[in-house]
Amino acid sequence: METISIIDASKHVDEEVRIGVWLTNKRSSGKIAFLQLRDGTAFFQGVVVKSNVSAAVFALAKEVRQEESLYVTGTIHQDKRSHFGYEIEISEIEKVGASEDYPITPKEHGVDFLMDHRHLWLRSKRQFAVMQIRNEIIRATYEFFNKEGFIKIDAPILTGSAPEGTTELFHTKYFDKDAYLSQSGQLYEEAGAMAYGKVFSFGPTFRAEKSKTRRHLIEFWMIEPEMAFMHQEQSLEVQERYIAFLVQGVLDNCQYELKLLERDPEVLRRYTELPYPRISYDEAIQLLTDSGEFPDVKWGDDFGSPEETFLAEHFSKPVFVVNYPKAIKPFYMKPHPTRTDVVICADLLAPEGYGEIIGGSERATDVRYLTEQIKKAGLDEKDYEWYLDLRRYGSVPHSGFGLGLERAVTWITGEEHIREAIPFPRLLNRIYP
RNA sequence: UGCUCAGUAGUUCAGUGGUAGAAUAAUUGACUGUUAAUCAAGAGGUCGUAGGUUCGAAUCCUACCUGAGCAGCCA
């Protein structure tokens with residue numbers, strides 16, 4: 001007899017199989033018991049009919065408790081009454097691990113309680129679906145960049161200085177020296193691009209900001225591609241192809257999960273249609289002003305979340321906002337060829353109120369300009385000698401961008417809050433479990 | 001960090017000055033197709049912490065702790 005996974009039930013109809021499972025819930029009457037089962041691949045139901053099994057098996061079916069682990073043996077049936085389409089009629093039950101007073105019941109729970117039990121919360125249906133989709137996005141990311149000729153170059157997590165100098169960093173010690181946890185691998189990816197052409201990094205990122213919103217994590221995962229011999233317009237094409245590829249991957253491989261989340265695939269399908277609209281920062285300001293909803297907005301301001309939401313809703317597709325004012329962007333962005341007030345950059349705003357999911361730019365190539373910018377930003381030139389070397393030895397036009405994995409997961413799954421898009425979220429004042 | 005709101009049974013909440021409540025989970029029993037199953041029974045509490053007002057405080061006041069929503073910062 002074969003031991004199978006629930007997800008493969010459709011391939012074993014009318015066969016007797018064995019499955020290792022946990023019990024999520026149960027209902028029973030005097031003559032029949034319904035065991036709700038999960039095995040990490042899917043959720044379905046086991047049916048125990050008293051007249052078809054031994055007294056001992058039926059008694060066990062009636063007393064088995066939430067989240068106990070079991071081996072169940074039985075026959076797979078196709079059944080329209082099952083939400084999954086298949087169920088198992090159980091003939092044998094073997095108890096593996098006991099469970100008493102499982103804290104997370106099938107009823108409602110508050111956020112704080114669930115977060116305190118995140119290690120158990122991950123077992124529930126919604127979290128299962130989100131993590132499966134997160135995994136698909138990770139898988140599709142590797143496939144996309146490999147397909148497009150990128151190689152993965154890992155940026156360091158411990159750094160000796162602040163890459164952008166702007167946001168707050170986690171401070172630690174590196175033996176007797178100061179060190180910081182990485183808030184971006186970008187500068188290192190630029191070195192990688194000069195060595196290998198098209199590269200990307202995919203790793204954890206740390207921001208010691210007191211952020212307390214549905215879009216921010218203290219620790220999150222970022223994908224940062226960097227491409228040599230590439231101008232911004234071509235980079236935007238890579239970006240939109242990448243996003244459409246992620247969404248298509250989820251549509252192709254996660255229909256079951258989308259159904260569990262009640263996420264409409266038709267909405268997602270529209271996000272695979274390219275190109276995405278591009279508007280300039282100037283036009284964005286004009287749109288906001290014309291709407292009458294943002295009386296205080298003026299040229300030179302950065303957009304807050306209400307502004308981002310308005311702009312993305314206006315197009316009902318992801319939208320690139322290009323060429324922001326130089327004053328509100330980091331030092332390494334390429335200056336505009338004919339204007340001194342803006343830089344060559346773009347943010348990709350996701351629709352449905354999810355805000356910025358990509359930030360990217362063409363990078364400055366002139367060593368003198370960059371040195372000046374570093375000084376203006378109040379950074380120590382010594383820390384950036386290696387970065388300036390990239391311009392001293394065969395500088396080329398190059399562009400790159402950063403995608404926040406959890407923001408993409410939150411948007412594609414349609415979740416309310418980013419904390420559910422990562423297995424163990426690090427939030428302001430939360431580092432347990 | 002600022003503004004707003006909240007902390008009462010394992011959980012989700014009601015109770016706004018006079019003996020601590022409901023639903024649900026867990027426990028026991030009934031029921032052959034349940035989908036948050038249903039029905040019945042018993043059980044379950046340091047009302048976030050400390051201080052104050054009062055004959056009397058879960059309730060009013062002060063401080064602190066914890067969390068949530070929104071904002072800023074950004075991916």
Side-chain angles (χ1 to χ4, degrees), chain A residues 24-37 43-52 58 62-63 65-67 77 79-84 87 89 99-117 124-125 164 166-169 182-186 202-224 239 301-309 324 328-330 347-350 354-360 401-411 416-419 421-422 427-430 432:
Chain A
T24 64
N25 198 5
K26 81 172 174 209
R27 285 173 283 278
S28 67
S29 70
K31 308 245 168 107
I32 190 166
F34 301 97
L35 307 183
Q36 308 304 319
L37 308 173
F43 296 76
F44 83 158
Q45 172 169 276
V47 184
V48 187
V49 180
K50 189 178 185 184
S51 55
N52 295 349
F58 193 73
K62 293 214 65 153
E63 73 181 37
R65 312 174 92 174
Q66 194 187 1
E67 285 304 318
H77 292 306
D79 197 315
K80 285 205 185 80
R81 290 170 295 190
S82 158
H83 292 167
F84 183 65
E87 55 187 32
E89 187 175 338
S99 165
E100 229 178 300
D101 296 325
Y102 186 71
I104 301 177
T105 66
K107 296 283 174 180
E108 285 174 36
H109 297 287
V111 172
D112 192 35
F113 178 82
L114 288 169
M115 275 300 165
D116 281 342
H117 297 86
S124 58
K125 255 185 196 171
E164 293 178 30
T166 50
T167 46
E168 281 185 67
L169 299 171
S182 170
Q183 61 162 356
S184 166
Q186 184 208 309
F202 187 0
T205 300
F206 307 88
R207 304 269 166 98
E209 291 156 8
K210 305 265 182 190
S211 297
K212 204 171 172 285
T213 80
R214 67 175 70 178
R215 307 173 162 177
H216 289 89
L217 290 166
I218 304 301
E219 176 184 305
F220 65 99
W221 288 68
M222 189 150 65
I223 294 135
E224 294 179 285
Q239 293 174 40
D301 293 342
D302 207 351
F303 300 133
S305 14
E307 288 85 358
E308 285 184 356
T309 301
Y324 283 71
I328 56 171
K329 287 294 177 183
D347 285 353
L348 182 66
L349 309 181
Y354 288 96
E356 182 187 345
I357 54 170
I358 286 181
F401 61 94
L403 171 94
L405 173 66
E406 289 77 14
R407 284 204 182 161
V409 172
T410 309
W411 166 53
E416 281 289 303
H417 202 295
I418 198 166
R419 64 186 163 221
I422 186 167
L427 300 162
L428 194 60
N429 300 326
R430 181 177 286 284
Y432 176 93

[N] base to [X] side chain: any donor-acceptor pair below 3.5 Å?
X	N	value
Glu416(A)	G69(B)	no
Arg215(A)	A75(B)	no
Gln36(A)	U35(B)	no
Arg407(A)	C74(B)	yes

Pairing check on [N]: which nucleotide meets the Watson-Crick or G-U wobble criteria with it, both distances under 3.5 Å?
N	answer
A57(B)	none
A20(B)	none
A68(B)	U4(B)
C31(B)	none
U49(B)	A63(B)
A25(B)	none
C74(B)	none

Residue Lys210(A) excluded, over 12 heavy atoms near NZ under 6.0 Å
no

If I take atom [atom1] in residue [X] and atom [atom2] in nucleotide [N], what distance separates them, rounded to the nearest angstrom?
X	N	atom1	atom2	result
Met222(A)	A75(B)	CE	C1'	6 Å
Arg419(A)	G67(B)	CZ	P	13 Å
Leu427(A)	C73(B)	CG	P	20 Å
His83(A)	U34(B)	NE2	C1'	10 Å
Glu406(A)	C74(B)	CD	C1'	14 Å
His216(A)	C73(B)	NE2	C1'	6 Å
Glu219(A)	A75(B)	CD	C1'	14 Å
Phe303(A)	G72(B)	CZ	C1'	16 Å

Can Ile357(A) and Gln239(A) be said to form a side chain to side chain contact (heavy atoms under 4.5 Å, CB included), step by step?
CA-CA 11 Å; Ile357(A) 54 170; Gln239(A) 293 174 40; over 6 Å; no

Using OP1 and OP2 only, check whether a side-chain N or O of Ser305(A) sits under 4.0 Å from G72(B).
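So the side-chain polar atoms of Ser305(A) do come within 4.0 Å of the phosphate oxygens OP1 or OP2 of G72(B), strictly under.
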
Under 4.0 angstrom between Thr213(A) side-chain N/O and G72(B) OP1 or OP2
no

Looking only at heavy atoms, which two atoms of Gln36(A) and Gln45(A) are closest? And how far apart?
NE2-OE1, 2.8 Å

Closest heavy-atom pair and its distance - Ile104(A), Gln66(A)
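In terms of heavy atoms, the two residues are closest at O-NE2, 3.0 Å.
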
Report yes if the side chains of [X] and [Y] come closer than 4.5 Å at any heavy-atom pair, otherwise no.
X	Y	answer
His83(A)	Phe43(A)	no
Val48(A)	Phe58(A)	yes
Lys329(A)	Asp347(A)	yes

What integer number of Å spans the C1' atoms of G67(B) and U34(B)?
37 Å

Taking the C1' atom in each of G42(B) and A36(B), what is the distance between them to the nearest angstrom?
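Looking at atom C1' only, G42(B) and A36(B) are 24 Å apart.
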
If you round to the nearest 0.5 Å, how far is CG of Leu428(A) from CD of Glu209(A)?
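One gets 11.0 Å once the value is rounded to the nearest 0.5 Å.
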
Syn versus anti for U8(B), judged by chi lying within 90° of 0?
anti

Glu356(A) backbone acceptor or donor facing Glu308(A) side chain under 3.5 Å
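A pair under 3.5 Å: yes.
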
Extract from the structure each pairing of a protein N or O with an N or O of nucleotides 8-12 of chain B at less than 3.5 Å, listing the distance.
residue	atom	partner	partner atom	Å
U11(B)	O2'	Glu108(A)	O	3.1
U11(B)	O2'	His109(A)	ND1	2.8
U12(B)	OP1	Gly110(A)	N	2.8

Classify every nucleotide of nucleotides 1-6 of chain B by which part a protein heavy atom approaches to under 4.0 Å, writing B for the base, S for the sugar-phosphate alone and - for neither, in 5'-to-3' order.
B-----

Between C73(B), U34(B), A71(B), which one does the side chain of Asp302(A) approach most closely?
C73(B)

Are there any protein N/O atoms within less than 3.5 Å of an N/O atom in nucleotides 26-29 of chain B, and if so, which ones and at what distance?
residue	atom	partner	partner atom	Å
A26(B)	O3'	Arg65(A)	NH2	3.2
A26(B)	O2'	Asp101(A)	OD1	3.4
U27(B)	OP1	Arg65(A)	NE	3.1
U27(B)	OP1	Arg65(A)	NH2	3.0

Can you tell me if Phe220(A) is stacked onto the base of A75(B), using a 5.5 Å centroid cut-off and an angle below 30°?
yes

Check the angle between the aromatic planes of His117(A) and Phe113(A) and answer parallel, tilted or perpendicular using the 30° and 60° thresholds.
tilted

Of Lys329(A) and Val49(A), whose closest RNA chain B nucleotide lies nearer the 5' terminus?
Val49(A)

Pick the nucleotide of RNA chain B nearest each of His417(A) and Phe34(A); which residue has the one closer to the 5' end?
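Its nearest nucleotide being more 5', the pick is Phe34(A).
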
